[in-house]
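Right, one structure below, let's go through it.
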Amino acid sequence: MLKVENISKDFKVGFRKKTEKILDDISFYIKPKEVVSITGNSGSGKSTIARIISGTIKPDQGNIFYRGNLLISPNQSFSTEYRKDIQLIPQQPFLSLDPKQKVGDAIAETILAHGLSPSKKEAAQQVNALLEQVWLPCQLANRYPSQISGGQAQRIVIAKALALNPKLLIADESTSMLDILAQAQIIQILLNLMTKYGLSILFISHDKPLVQAFSNRIYHLSEGKLILQNKE
Amino acid sequence: MSDITKKIISSILCLAAIIIINFFLPRLMPGDPVLMLTGQNEESISAAQYQSFEEKLGINYPVSIQFKNYLVNLFSGDLGYSYHYNDTVANLMKNRIPNTLQLAIPSILLASILGMFLGCTMGYTKKQRLDKSVTTAFIIINAIPSFLLAMVIVTFFAFKLRLFPLGGLNSIVVPHHAILAFGDRIKHLILPISTIVLLSLPPKYMMVRNTVKSATKEKYVLYAKARGISSFRIKFVHIFKNVCPPFITLVGLNLAFVISGSMITEIIFSINGMGELLYEAAIYRDFPTLQGCFFIISIIVILANILTDITCVMVDPKQRFGFYESN
Amino acid sequence: MKKILSITGLTIDSQLMHGSHRIVNDLSFELEQGETLAIVGESGCGKTMTALSIFGLLPENCTASGTVTFDDCNLLSLREKELSRMRGIDFVLIPQSGADFLNPGLKVRTQIYETLKRTGIKDKRILEKTACDLLNSVSFQNPDSIMNKYPFQLSGGMAQRVVLAMGLTFSPKLVISDEPTRGIDSNTSMAYLKELTSVFSDSGIVIITHDISVADYCKNIFIMYAGECMEYGDCTRILNNPSHPYTKSLIAALPINGFSLNSRKASIPQDFLNTGCTFYPHCPQSTKKCQTDKPEKQIIDQTKVWCHHVKS
Amino acid sequence: MKNLKISLSIIVAICLFAIGFTGCSTQKTIDSMVIGTTMDIQSISRSDYYYNVLSGTLTHLALVRLDENNEIQPMMAEYSTADNGKTWTFVLKDGLKWDDGEKVTAEDVKFTIEYLDKMENAGRMDKLEAINIVNDQTIQLVYKTANIRALNDLTTLRIIPKHIFENVTDYAGFKDDAAAIGCGPYKFVRFDADAGVLEFEANPDYIGGKPNIKTINVKLFKNTDTMYMALKAEEIGMVYFYAGGIDPSAAADLKSSGNITLTEVQDTSNPLVLIFNNEKTPVNSLPVRQAIAKGIDYEKCRELFGSEYSIPSNYGFIPKSNEGYIDTAALKLDIDGAKKILSDAGAIDSNGDGILEINGTPLDLEILVRTDKPVYARVGELLQSNLKAIGINVILNSVDVPTFRSMTETEHTDVSMLSRFTSFGMNMGAGMSTSYLDGRLKSNAQGQIMDPAFASIVDKLKAATTMAEYDQAAKECQEYYAGSVPAIALYWDVYLQAYNSKYDNFTIDGTFGIVNQQTWYSISQK
């Protein structure tokens with residue numbers, strides 16, 4: 001479904017602007033209904049992969065194909081037609097929520113902005129359905145981000161991404177700051193969604209033992225190189 | 001291109017814009033440019049005088065040549081001629097800048113040190129009531145108009161208590177001995193400097209206090225406490241270091257204010273300085289002097305900005321060494 | 001073995017805008033020299049507050065009552081000055097991730113030196129040597145280059161070890177390690193815990209964590225939920241044979257056990273409840289009694305459990 | 001203990017005695033006095049306006065001076081006139097010396113007139129036919145036309161040394177100490193810009209003898225409030241501002257401080273004048289002007305804009321202390337009288353809008369005010385409401401200064417305006433304020449009286465060869481003003497001078513007020 005070919009990315013770092021190769025000629029693929037994980041130490045460039053695939057930054061080299069079509073290349077920005085299909089779940093959910101906006105409204109806003117619902121009323125119904133999907137009670141829609149826990153915020157962000165009926169979810173360290181129970185919930189939810197809607201999930205985490213528990217394939221990123229690891 | 005180069009280039013562009021505005025403003029403003037540039041509007045001037053001014057100013061030449069002359073003059077240090085003072089603007093400022101600096105430099109230093117010290121102390125203290133009362137006091141001081149504050153200080157310390165002189169930089173009779181003369185000067189400087197310090201302190205204090213207040217919730221402060229580091233060191237080494245960059249920026253921005261904004265203080269304390277020059281120039285519509293002052297002040301602002309940016313980079317190791325964006 | 005720390009009836013209340021709020025209720029535990037105790041609970045359960053109350057570093061709006069006996073004196077009744085003299089010497093805090101807890105604006109050298117200076121060393125050369133020794137002892141090959149770096153230039157693991165080295169300065173009697181494993185993968189965290197327990201082998205160690213799997217490295221475990229103790233006892237016993245439903249659900253949710261959950265609602269933030277069992281709203285086994293009565297301490301197999309469903 | 005008490009009481013007694021003794025005696029010589037001023041003195045250049053003024057009270061002399069009755073008295077020179085005021089001869093007093101020791105000669109006088117004409121466009125040479133040096137001490141000025149009041153102009157001509165200035169081309173930029181060399185009772189010592197102090201010391205060689213004060217310091221203040229504090233704190237002995245007094249609002253406070261004396265000096269200017277343009281409707285009609293003169297609430301005006309010492313003005317408007325002043329009717333609010341005059345002139349309100357019309361033209365009076373003096377706009381508003389009551393509509397037209405000048409002085413757009421008559425301006429030309437009102441003077445006249453009757457009076461003033469002739473013409477002039485109402489002075493005012501009560505016996509001078517060359521010989525200290 002998604003094919004990443006020979007992606008490279010350099011970053012300029014620091015006051016003297018040294019160039020460092022963050023990603024060096026990496027390739028991998030994701031099939032439908034598959035959980036692919038990328039592990040690596042912090043600073044190894046895992047998030048850069050997530051940001052390239054989600055279209056926030058451009059690669060220096062290489063191409064990314066989505067369903068056989070060229071999605072991203074160094075001179076082609078993200079084509080909007082697929083924007084909805086690929087959704088990023090960021091590491092720090094609170095940063096992507098407006099602290100002055102009720103979480104339900106944040107989801108409804110996404111729905112309305114993409115014209116997925118004809119009216120506000122229906123959008124509200126969709127919000128409730130989405131919250132149900134991520135195991136949250138409907139009442140939570142009326143809370144502000146400061147009134148919910150980290151695990152709940154993460155689930156709100158997943159619900160926001162789900163609103164657009166994506167085909168691929170990129171979870172960037174989505175559970176690393178969560179407690180065990182919350183982490184278990186998120187992973188259960190993601191796995192549920194995968195089977196229910198045929199989603200693919202790109203799970204990015206530093207925690208190898210964690211991803212080994214549920215991934216179809218695991219890649220390890222180290223010094224810019226991506227290596228496929230066999231499941232132990 | 002590094003950030004500093006970018007900054008310098010934008011400063012040069014800014015300077016160019018200032019020069020252009022300075023040149024065109026009197027020529028585009030309604031009214032006669034000769035009157036504007038000579039500041040002659042109180043006394044009616046005779047036709048002969050008008051003509052001589054016109055020739056001196058070169059107003060009758062085409063604009064391009066005027067502009068060229070203006071630039072040549074500017075770069076040779078000629079900021080124009082004040083017909084109100086019958087002196088070159090450069091000369092006028094040369095006499096006054098030392099006086100203003102005598103006020104400005106100690107004021108900036110004192111206000112910065114005090115702002116930092118009080119801000120750190122009050123932001124860190126557990127004595128809520130003390131913090132609240134000091135902060136409220138500063139808010140009140142900040143709300144007092146500058147001339148009123150200066151007048152209150154003069155009335156109380158100079159007039160009622162007779163502790164300090166009412167104005168000027170020296171006594172009428174300056175003592176001959178160098179140390180006594182220096183003491184005399186210090187005695188005259190204390191009140192005006194205190195006024196400027198009080199005027200420029202509140203924003204500095206508030207900024208430092210609030211930053212420190214939020215920094216006390218930082219993890220590194222908690223850890224430093226847990227390591228048993230003295231609260232003095234936590235305040236003035238640990239938190240200080242991290243409050244520095246925004247503080248330096250604030251002080252840098254404040255520099256130009258202190259130089260031009262000591263206006264009220266200089267007038268109340270009858271000090272022959274830049275602020276007083278600006279004030280008089282504005283009253284008498286002495287445009288050449290006004291323009292000269294603004295030009296110099298803009299240069300100071302630009303320089304202060306560059307300096308601030310460089311200092312910030314020097315102080316902040318993150319900017320100096322660069323860091324990966326944490327993911 | 002000598003008893004280092006003994007806490008009885010520790011209760012922490014926090015003053016909020018709308019009244020008082022109980023964060024920690026009636027906790028008791030003790031620690032012996034060389035013992036490692038894990039305090040396990042979800043975020044917000046009050047475990048960090050418990051640690052801070054030992055250090056006397058509770059936020060201003062919080063008050064602690066009960067007794068915290070350390071070295072025969074009640075820490076809660078000490079003055080700030082006396083506490084400050086003990087902090088970092090008699091008991092040290094090893095924070096969760098070194099990089100966040102070190103001052104980003106000061107070099108590692110400065111921060112190690114300022115701790116070292118408390119030993120009375122003034123000579124630059126001796127300072128340097130002692131600091132190098134400390135860093136060597138936490139297996140840094142090149143201590144000098146580490147000391148010239150700023151915390152943000154260190155990797156997470158390096159910063160952790162710097163913090164360990166700083167904790168080692170005064171062979172402390174009590175070490176409290178707050179969330180040593182959050183944000184690092186489980187293999188690394190196990191290695192780190194090993195290092196932690198080995199460098200502080202003579203001290204009593206309290207590990208505060210959300211991850212019940214770290215309990216493998218501890219002698220005793222203390223499981224907290226919403227400010228109250230659920231189960232307290234020997235680690236191996238509890239991990240192999242948990243009695244409390246909450247402990248059970250924690251163990252089940254581990255990756256190794258397939259993230260299984262007893263309840264979908266299990267992680268909704270909990271508040272301390274004045275009546276009944278605090279865990280009853282989320283407990284799969286809850287009954288009417290759980291709702292009305294506080295469970296009494298039950299002792300099963302030397303393990304203390306607070307649950308109505310467990311019979312000794 | 002007892003000894004201590006005794007010695008203490010002795011000390012106290014001695015102190016009291018000493019205080020009493022010094023307090024009672026009136027000293028003839030005063031060691032020093034500090035004069036506070038807000039005059040903006042930047043340098044000792046002769047072109048520095050306020051320094052030039054100050055030097056006239058201390059270091060520099062003019063040929064003649066005005067005394068407190070505004071009469072001419074000899075100063076540097078005795079004067080005589082011949083040819084009905086066409087030729088004036090001045091004989092310099094014996095022994096006048098410049099501060100550097102050089103003798104003051106007739107050459108210096110000639111040089112000063114010529115030099116200042118060149119450097120300051122003083123315009124004296126245009127009026128002069130010749131300057132004849134009779135001998136070292138005698139100089140003759142021959143005017144083109146006979147002018148009995150030529151001396152008035154010479155009261156402000158401060159003579160400067162030729163040997164210093166003859167090589168000075170940058171007159172304005174000449175700030176050397178030598179620029180301050182004069183021949184008056186005081187010598188310039190120093191100007192300390194940092195301290196804001198000018199120091200003068202008594203000139204021992206001055207022909208008038210040694211003045212009563214040894215050292216005079218002039219302390220420059222940038223704001224009046226601190227200056228008044230310094231006066232109250234006795235840091236300064238008196239405050240002074242040329243052609244101005246203390247702030248009327250500060251008077252009560254200064255008075256109540258107990259150690260300060262306030263003196264009134266008659267203001268010889270007209271601070272607030274409504275000037276009609278006698279050529280333009282509706283004010284080209286005499287009844288309308290007369291009605292307006294009766295329609296203004298002068299009391300309110302003084303209360304709002306004048307000092308508490310201001311006094312009502314009269315129809316002749318030339319202030320009392322001027323040469324040739326006569327009493328004319330006082331200006332008074334008389335609404336019924338104003339209405340009667342207007343209805344007699346045929347003004348009726350036919351459309352009922354409250355504004356009267358004459359021959360169908362409404363009485364719309366446009367008044368020009370300058371934006372740089374906000375008080376004029378407020379006065380304008382007062383006039384608006386006053387005149388509305390008698391059926392005249394006032395339109396205020398606020399313009400900035402350049403526009404004001406071009407409208408009034410260059411274009412002569414025949415509008416009425418609010419302005420002031422300065423003492424100097426009123427004495428210019430033929431005097432009696434004619435330079436403001438004579439319509440023939442296109443250059444700077446504001447009032448535009450084209451009436452031939454007035455022109456003949458002006459000519460008479462100009463042609464006066466004796467003071468009696470001049471006074472007669474002045475009388476006619478003021479009667480003309482009273483009858484034809486070309487301008488209305490809203491009030492007359494005084495300058496308040498404040499000084500420490502320990503000083504006494506100031507002399508008042510027509511040009512400078514209480515600080516002047518004569519004061520230094522009369523002043524005493526308690």
Side-chain angles (χ1 to χ4, degrees), chain B residues 116 120 122-132 208 211-249 311-327, chain C residues 48 51-52 54-61 80-108 110-118 148-156 159 163 166-167 169-170 172 175-176 178-179 183:
Chain B
M116 202 77 211
C120 280
M122 292 307 148
Y124 190 77
T125 187
K126 276 187 176 169
K127 295 167 191 155
Q128 296 275 345
R129 202 174 281 172
L130 178 72
D131 171 35
K132 261 184 198 158
V208 175
T211 327
V212 170
K213 192 102 192 161
S214 54
T216 50
K217 293 182 189 95
E218 292 278 336
K219 291 171 181 168
Y220 68 83
V221 175
L222 181 79
Y223 183 48
K225 278 188 200 167
R227 279 190 291 152
I229 306 294
S230 69
S231 65
F232 180 84
R233 206 177 147 82
I234 293 177
K235 267 185 280 187
F236 296 112
V237 177
H238 284 255
I239 298 181
F240 175 81
K241 187 81 198 234
N242 290 289
V243 173
C244 250
F247 183 68
I248 289 169
T249 314
T311 331
C312 279
V313 170
M314 301 308 282
V315 167
D316 187 357
K318 277 196 182 175
Q319 286 194 46
R320 218 175 336 147
F321 295 106
F323 60 105
Y324 298 108
E325 246 177 275
S326 65
N327 48 358
Chain C
T48 303
L52 291 181
I54 299 171
F55 280 86
L57 290 175
L58 283 175
E60 278 155 47
N61 60 344
E80 168 66 24
K81 249 195 182 159
E82 294 157 319
L83 269 172
S84 157
R85 216 174 294 136
M86 293 169 82
R87 279 181 212 140
I89 295 178
D90 291 324
F91 41 88
V92 298
L93 178 74
I94 306 291
Q96 54 174 271
S97 64
D100 291 350
F101 281 81
L102 289 171
N103 191 330
L106 297 174
K107 280 186 184 168
V108 172
T110 323
Q111 305 195 43
I112 292 186
Y113 279 14
E114 66 184 0
T115 313
L116 270 180
K117 277 179 186 157
R118 298 186 70 206
N148 283 334
K149 283 194 165 144
Y150 285 93
F152 58 86
Q153 293 173 303
L154 301 174
S155 74
V163 168
M166 285 162 80
T169 316
F170 304 85
V175 175
I176 296 179
D178 190 12
E179 295 280 12

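Convention: sequence-line order gives letters A, B, ...; per-chain numbering from 1.
Annotation: the span from B/Leu222 atom CG to C/Leu57 atom CG amounts to 5.5 Å, rounded to 0.5 Å. Distance OG1/C/Thr115 to CD1/B/Ile229: 4.5 Å, rounded to 0.5 Å.
Between chain B and the options C/Lys117, C/Met86, C/Gln111, the largest number of non-hydrogen pairs under 4.5 Å is found for C/Gln111.
Neither the backbone nor the side chain of C/Ile176 comes within less than 4.5 Å of any heavy atom of chain B. Using a 4.5 Å cut-off between heavy atoms, C/Glu114 touches chain B through backbone and side chain atoms alike. Of the atoms belonging to B/Glu218, not a single heavy atom falls under 4.5 Å from chain C. When heavy atoms are compared at a cutoff of 4.5 Å, C/Thr110 approaches chain B by way of both its backbone and its side chain. Only the side chain of C/Glu80 comes within contact range of chain B, judged by heavy atoms closer than 4.5 Å. Contacts of B/Lys241 with chain C are made by side-chain atoms alone, with heavy-atom separations under 4.5 Å and no backbone atom involved.
Residues B/Tyr223 and C/Val163 meet the side-chain proximity criterion, which asks for heavy atoms closer than 4.5 Å.
A distance-only check finds no donor-acceptor pair linking the side chain of B/Arg227 to the backbone of C/Met166 [under 3.5 Å].
Considering all non-hydrogen atoms of both residues, B/Asn242 and C/Pro104 come closest at OD1-CG, 3.5 Å.
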